[in-house]
Amino acid sequence: MGDDSNDTLHDVETYRKTVLLYEAVQKKINELITTSGGGTEQMSPEDRSRYRELARQRDELQNELRVMEQRLLIDDDQA
């Protein structure tokens with residue numbers, strides 16, 4: 001029983017850290033959009049490339065969060 005509790009705490013901590021990473025990437029995206037006048041159309045090619053990379057990172061983090069949420073919900077249902 002102790003191992004399950006430790007695993008759940010570890011999963012929750014990992015989830016929390018991933019949320020913070022997601023929020024940091026989203027903040028960088030927002031800053032990039034704001035500095036370019038509100039859209040990707042006005043971005044330089046370098047900024048547009050950076051935007052795409054950040055968006056890819058954000059999407060990967062969002063997918064990780066969804067997987068973790070499912071695992072945490074399943075674990076919660078079994079408790």
Between L20 and V67, is there a shared hydrophobic cluster once you connect ILVMFWY residues whose side-chain heavy atoms come closer than 4.5 Å?
no
Residues in side-chain hydrogen bond (donor to acceptor under 3.5 Å, both in side chains) with [X], at least two apart?
X   : answer
E60 : R56
Y51 : none
N30 : Q26

Calculate, to the nearest 0.5 Å, the distance between atoms [atom1] and [atom2] belonging to [X] and [Y] respectively.
X   : Y   : atom1 : atom2 : result
L72 : Y15 : CG    : OH    : 8.0 Å
Q62 : L65 : CD    : CG    : 7.5 Å
I29 : L32 : CD1   : CG    : 8.5 Å

Among all residues two or more places apart in sequence or in another chain, which pass the side chain to side chain contact (heavy atoms under 4.5 Å, CB included) test with [X]?
X   : result
S49 : none
Q42 : none
T14 : H10, T18, M68
S44 : E46, D47

Measure across R71 and D11 and return the closest heavy-atom pair with its distance rounded to 0.1 Å.
NE-OD2, 3.7 Å
Is any side-chain heavy atom of [X] less than 4.5 Å from a side-chain heavy atom of [Y]?
X   : Y   : answer
N63 : R66 : yes
Q57 : E53 : yes
I33 : M43 : yes

Look at the side chain of R48 and the backbone N and O of T40, then say whether any donor-acceptor pair between them is shorter than 3.5 Å.
yes
Please collect all salt bridge (charged side-chain N to carboxylate O under 4.0 Å, His left out) contacts where either partner lies in residues 14-34, sequence neighbours excluded, each pair once.
E13-R16
